[in-house]
**Student:** 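The structure's right below; bear with me while I get my questions together.
Sequence positions, counted from 1, serve as the residue numbers for this chain.
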Amino acid sequence: MKFLAGIPRFVFFTGKGGVGKTSIACAAAVRLARAGRRVLLVSTDPASNVGQVFGVTVGNTVTAIDEAPGLWALEIDPEQAADAYRERIIAPMRGVLPDADIASMTEQLSGSCTTEVASFNEFAALLTDETSGYDHVLFDTAPTGHTIRLLQLPGSWSEFLTGGGEASCLGPLSGLDKQKAVYAAAVAALADPQRTRLVLVARPSRSTLAEIARTRTELAAVGLADQYVVINGVLPDNTDPGDPLVAATRRREHAAIEAMPASMRELPRDLVELQATNIVGVDALTTLFDPTPPQPASSTAPESAVPAVADAPLAALIDEIEADGPCLIMCMGKGGVGKTTVAATVAVALARRGHDVHLSTTDPASDLAETVGGSLAHLHLSRIDPVQAITDYRARVMAGKGAGLDDASRAALAEDLRSPCTDEIAVFQAFSHVIAESRRRFVVIDTAPTGHTLLLLDATGSYHRDIVRQMAPGTRFVTPLMRLQDPMATKVLLVTLPETTPVLEAADLQTDLQRADIRPWAWIIDNSLSAAAPTDPLLRCRAAAEIGQIQQVTTHTGRYAVIPTLAEEPVGIPALTALTRPSNAATPTRLEPFQKASNP
């Protein structure tokens, strides 16, 4: 692997969700550890699955990976980080301030702004002397948009503090002035190619390669100039060219790689082949970077190992959604599971049926407009853009609250609004406006990956609690959270892949949502090879491994749909429409768990 040659101390693995960043980062960490290096593998993804890959529990403390001596892992858990951050601030005040003041401070420190600051502090510390005992620190990052935000934060906070302003959320930011040296050191480390390398991970697909091309430019501006490309999941040369799915996939992969911008083709590049099984455990990680040896068909999955998948078309779920009338439809899940495709497909289907539809996204890395690929009557597209949202929010606050202030007070208010914390408030308000629209038309939202969506919902819950406290007894009101909790007003579609980790993550997300009294309405299983009925031995091995996971989904929900792996990417209105063509079979909208075919 080229990206492992002369590897510096800090390495960031980034890319669109679902491209295999965790597998690549874990395999690199294992290889370095087996070469005698002391390695710390850090996940900055709120929906981290590093622990699942190694089969151990990894949390907010450094954990040794016993099967790989010399390797330790750490997951920056946003909630744990926020809890510890709150306690550091509040503990010295207990017994000094009245209980009411302590309760007020606790509430002030309960928002997503605090979570971001706390997580960021841990990240910044890892770029300084705190990790001096390790030869290498590898970062398995959150999906692209939020990684860019994380890597821009050292400069953002440093600039904010250097400006001498006081933040509006004084609790979360109190004491940050002491962090100036830490933030400056973090910026210096990121910008030093002798200390930091960026590995851009993609699949051999148009959308993920376009994503890392954008990422390359944005992170180069932060100072990360030492960049490498890893294209993961490339179809091996020894697959069956007679399988139509193999032939189409190979054409698509070749075209996507050839279409890379010249600036990307100039970067050092590694290709990692598609594996027959999921990469879980140290043994599997050890072989990930090795080419797949040719295998005779007799050594792979027999015909009986790929039973038929239940007839569960997406069109049946859309029929139910339409029957209930205008509502909010939220496509949620980990990055890379197909949320954008599902959201666009549902929106296009409803619009083609004559309904007024607003399709929006809260994901900074979403390619929603590219996925739709055109205009359609009754369909309106938008993006909840954090940059535009903060600009609009600042303008509203200055025009309202700032209108009656003198020059000095207006300057102080403007300084308050420079805080990076303000982003969360602005995005929440934009999100609330979109929710309100769903009273009169269908609103479909392609959400950001799991962890960051939960932070947004946390802000929604905080707003709800504030309103409840402020309203007089007997007053009738409806908050955004109350609409999210109403299954007639909001239908949450959990999107997953028929693989172990994505199904586990979707189940965890369902549990998190249920704690907020939000009940997922249906699950969508995307990119199913078993539903596509391949003939190639390697693909049939992967298809056979899916069946148990599809059965697992039926233990979590009675309503689901399966979308087969497609020969071509579902881009454009005709391709999206094809995903919802009615099945020839009579299909119930509530599907019973199906039985796996037994081997003869």
**Student:** Between Val42 and Tyr134, does a side chain to side chain contact (heavy atoms under 4.5 Å, CB included) hold up when you go through it step by step?
**Tutor:** CA-CA 12 Å; Val42 181; Tyr134 302 98; over 6 Å; no

**Student:** Would you mind checking if Asp270 and Lys2 are paired as a salt bridge, meaning a charged N to carboxylate O distance below 4.0 Å?
**Tutor:** no

**Student:** Do side-chain atoms of Glu569 reach the backbone of Arg206 as a donor and acceptor pair under 3.5 angstrom?
**Tutor:**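 It does hold such a pair.
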
**Student:** Could you list the donor-acceptor pairs under 3.5 angstrom formed by side chains in residues 253-260, with sequence neighbours left out?
**Tutor:**
unit_1, atom_1, unit_2, atom_2, d
Glu253, OE1, Leu235, N, 3.1

**Student:** Quick one, Val201 with Val272, criterion side chain to side chain contact (heavy atoms under 4.5 Å, CB included). Give me CA distance, side-chain angles, the key distance, then yes/no.
**Tutor:** CA-CA 10 Å; Val201 185; Val272 178; over 6 Å; no

**Student:** Please name the residue in the list Leu209, Ile231, Val19, Val234 that meets the side-chain contact (heavy atoms from CB on, under 4.5 Å) test with Arg203.
**Tutor:**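 Among Leu209, Ile231, Val19, Val234, the one meeting side-chain contact (heavy atoms from CB on, under 4.5 Å) with Arg203 is Val19.
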
**Student:** Testing Thr345, Thr361, Asp446, Thr371 one by one against Thr340 for a side chain to side chain donor-acceptor pair (under 3.5 Å), which residue passes?
**Tutor:**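 Among the candidates, only Asp446 passes.
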
**Student:** Closest approach of Val199 and Phe3, non-hydrogen atoms and distance?
**Tutor:**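 Result for this residue pair: CG2-CD1, 3.9 Å.
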
**Student:** Work out which heavy atom in Leu509 is nearest to a heavy atom in Leu494; give both atom names and the distance.
**Tutor:**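 Between these two residues, the closest heavy atoms are CD2-CD2, 3.6 Å.
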
**Student:** To check you understand the geometry: which heavy-atom pair defines the closest contact between Val562 and Ala531, and what is its length?
**Tutor:**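 Heavy atoms of Val562 and Ala531 come nearest at CG1-CB, 3.9 Å.
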
**Student:** Run the salt-bridge test on Glu266 and Arg216 with the 4.0 Å N-O cut-off and return the result as yes or no.
**Tutor:**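 Not counted as a salt bridge, because no side-chain N and carboxylate O are separated by less than 4.0 Å.
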
**Student:** Would Thr22 and Ser43 count as a side chain to side chain contact (heavy atoms under 4.5 Å, CB included) if you check the C-alpha gap in whole Å, the side-chain angles of each, and the deciding distance to 0.1 Å?
**Tutor:** CA-CA 8 Å; Thr22 298; Ser43 174; over 6 Å; no

**Student:** Does Phe289 offer a backbone N or O that forms a donor-acceptor pair with the side chain of Arg31 under 3.5 Å?
**Tutor:** no

